[in-house]
Amino acid sequence: MDVMYLMNSLWTMLGAILVIFMIGGFILLEAGSTRMKNAGHVAGKTVFTFGLASLVFWAVGYGFIFGSDANFFVGMSDFFYSGELVKDSGLATTVFFVFQLAFAGISVTIALGGFAERAKFSAYVIFTILFGVLVYPVIAHWIWGGGWLAEHGKQDFAGSTVVHLTGAMAALAATILLKPRIGKYNKDGSANNLAGHNQVYTALAVIILWVGWFGFNAGSTVSVDGAFFGFVALNTNLAAAAGAVAATLISWVVLGKPDITTILNGALAGLVAITASCAFVDVWASVVIGFVAGVIVFYSTRFFEKKKIDDPIFALSVHGTAGIWGTLSTGLFATPELATVGKPGLLYGGGFEQLGVQLMGVATSGAYAFAVSFVILYIMKKVMGSIRVSEEEEIMGLDMSEHGNYGYPEQMVLEESNLRPVVETK
């Protein structure tokens with residue numbers, strides 16, 4: 001068997017493993033960014049929904065994205081993928097399948113961040129299935145599966161739009177329909193800080209995601225030829241670094257102190273932003289892209305909070321706003337030598353054509369993801385009566401109300417005992 005075929009397959013499989021490991025990062029990110037009474041729920045539902053998303057992708061998602069006999073929206077073959085290898089392919093199709101499955105799982109995990117601390121477990125179940133059938137595969141087919149945006153030369157190397165913006169727009173629909181958490185806003189419209197219970201968890205999550213992103217971006221080369229994955233990895237790391245530094249500086253200037261949450265969001269925003277352009281831009285441009293993302297995410301989180309959109313894990317800003325910037329950035333910085341898809345950017349003599357294609361891709365993909373997710377959730381709300389837990393259950397915490405046990409049993413039982421009235425005995 002051809003050595004290059006084996007090496008490509010091995011490298012892409014490693015990338016898939018790194019991307020799947022990012023699920024652990026998202027567990028720590030959401031658990032650390034929310035309150036202790038919901039930690040076990042976050043861990044359990046994330047593992048479950050990734051498993052469910054994997055089965056949906058196997059059944060129909062892969063076929064909708066990459067299948068033949070395509071219509072405007074999706075492909076129409078390769079359902080219930082059998083594991084058959086395609087001859088003359090650059091790598092094992094089984095490996096490619098697992099790699100793409102990992103991306104689908106990440107996108108729905110981002111989307112479900114908009115449900116945090118207030119949605120019923122049953123809402124996660126139904127939405128995960130419908131998102132994996134009606135939302136993610138359509139946009140992935142348009143851009144990665146040879147659809148109409150691919151025909152226009154839409155540049156999105158590893159998924160700033162396909163994965164991150166899609167997930168963020170679904171999260172936006174969820175936050176709007178679920179409404180803010182109890183106690184988030186006062187009657188005068190001012191916001192309260194419902195602080196997450198473990199900032200160290202959140203920081204560890206960022207590092208796990210940062211490492212996983214080398215599989216996300218560099219793994220998307222799906223090839224070892226010329227070791228180009230090293231260049232992609234370099235751009236990825238520098239953008240994350242610049243995002244963290246920029247977020248630190250802007251929070252320091254505006255708030256008077258460097259805000260830890262902003263620092264962490266800045267690193268993630270830099271990673272999201274470079275995801276579209278990591279293979280299309282020079283190294284210096286990756287620093288600019290990451291730095292701008294770090295500044296944007298700071299103001300974006302403040303904007304959504306003022307608009308009374310309660311986003312506990314900052315999915316809208318980190319994955320949405322930064323995803324938009326990252327997608328548009330290729331229309332500015334893509335070089336003639338690296339633009340293997342589409343055309344060079346504005347700064348390299350390509351004019352506004354590629355920037356226009358990028359803007360069109362952002363607008364149509366974002367609108368589709370939001371509209372379809374909103375309709376799905378609205379219908380779910382009507383049919384189920386509510387997709388949100390009761391006020392009593394929310395105050396109790398989803399660990400106990402949805403699962404019957406605590407993620408931190410010793411600590412929560414201790415707190416409950418401290419709240420009980422003391423009965424005097426003679």
Side-chain angles (χ1 to χ4, degrees), residues 1-25 47 50-70 74-109 132-133 136-147 150 155-159 162-163 166 208-209 211-233 235-236 275-276 278-280 340-341:
M1 188 173 288
D2 182 72
V3 173
M4 188 61 71
Y5 174 92
L6 292 174
M7 292 298 294
N8 291 345
S9 299
L10 182 61
W11 166 242
T12 306
M13 191 67 233
L14 175 60
I17 292 168
L18 286 171
V19 175
I20 292 172
F21 187 59
M22 291 171 71
I23 296 296
V47 172
F50 179 72
L52 183 58
S54 297
L55 295 175
V56 173
F57 186 82
W58 166 71
V60 296
Y62 181 80
F64 279 160
I65 298 169
F66 299 106
S68 57
D69 301 321
V74 292
M76 295 300 293
S77 68
D78 297 318
F79 302 125
F80 298 95
Y81 174 61
S82 66
E84 181 182 2
L85 293 175
V86 176
K87 295 180 180 179
D88 301 323
S89 177
L91 73 161
T93 45
T94 49
V95 172
F96 183 73
F97 175 90
V98 174
F99 187 68
Q100 291 297 329
L101 179 153
F103 281 71
I106 294 295
S107 189
V108 74
T109 300
V133 174
Y136 179 81
V138 174
I139 295 171
H141 174 74
W142 284 351
I143 298 172
W144 288 346
Q155 296 170 340
D156 190 15
F157 187 73
V162 174
V163 178
T166 299
I208 291 174
L209 292 170
V211 172
W213 233 284
F214 294 118
F216 212 97
N217 288 0
S220 291
T221 59
V222 297
S223 173
V224 298
D225 187 30
F228 183 63
F229 59 81
F231 178 82
V232 174
N235 277 351
T236 299
T275 297
C278 52
F280 304 132
T340 53
V341 175

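Quantities reported herein were computed from a predicted structural model and do not represent experimental measurements. Position 1 is the first residue of the sequence; numbering continues from there.
- Looking at Ser107, its side chain never comes within 3.5 Å of a backbone N or O of Ala104 through a donor-acceptor pair.
- Between Phe280 and Thr340 the shortest side-chain heavy-atom distance falls below 4.5 Å.
- Minimum interatomic distance between Ile139 and Val162 (heavy atoms only, all atoms of both residues): CG2-CA, 4.2 Å.
- Nearest heavy atom pair, residue Val98 against residue Ala16, reads CG1-CB, 4.0 Å.
- Looking at Thr166, its side chain never comes within 3.5 Å of a backbone N or O of Tyr136 through a donor-acceptor pair.
- Under the 3.5 Å distance criterion, the side-chain polar atoms of Asp78 are left unmatched by any main-chain donor or acceptor of Tyr81.
- Ring centroid separation for the pair Phe97 and Phe57 comes in under the 6.0 Å cut-off.
- For the pairing with Phe79, the ring-ring contact (aromatic ring centres under 6.0 Å, His included) check across Phe64, Tyr62, Trp58 returns one residue only, Phe64.
- Here Leu101 contributes atom CG and Leu55 contributes atom CG; the two are 9.0 Å apart, rounded to the nearest 0.5 Å.
- The two atoms that bring Val108 and Gly105 nearest to each other are CG1-O, 3.3 Å, heavy atoms only.
- To the nearest 0.5 Å, atom CZ of residue Phe21 and atom CG of residue Leu209 are 9.5 Å apart.
- The shortest side-chain heavy-atom distance between Phe157 and Asn217 does not fall under the 4.5 Å cut-off.
- The heavy-atom pair separating Asn8 from Val224 by the smallest distance is OD1-N, 2.9 Å.
- Between atom CZ of residue Phe229 and atom OG of residue Ser220 there is a gap of 13.5 Å, rounded to the nearest 0.5 Å.
- Annotation: the span from Ile17 atom CD1 to Thr12 atom OG1 amounts to 11.0 Å, rounded to 0.5 Å.
- Side-chain contact check for Met76 versus Val74: some heavy-atom pair is nearer than 4.5 Å.
- Side chains of Phe216 and Thr275 form a contact here, defined as non-hydrogen atoms less than 4.5 Å apart.
- Under the 3.5 Å distance criterion, the side-chain polar atoms of Ser9 are matched with a main-chain donor or acceptor of Ala92.
- Atoms CG and CG, from Leu91 and Asp2 in turn, are 12.0 Å apart once rounded to the nearest 0.5 Å.
- Here the closest heavy-atom approach between residue Pro137 and residue Gly132 is recorded as CG-O, 3.0 Å.
- Separation of atoms CD (Gln100) and OG1 (Thr93) is listed at 12.5 Å; rounding is to 0.5 Å.
- Aromatic rings from Phe228 and Phe231 are positioned such that their centres are separated by under 6.0 Å.
- The shortest heavy-atom contact between Ala276 and Gln155 is CB-O, 4.4 Å.
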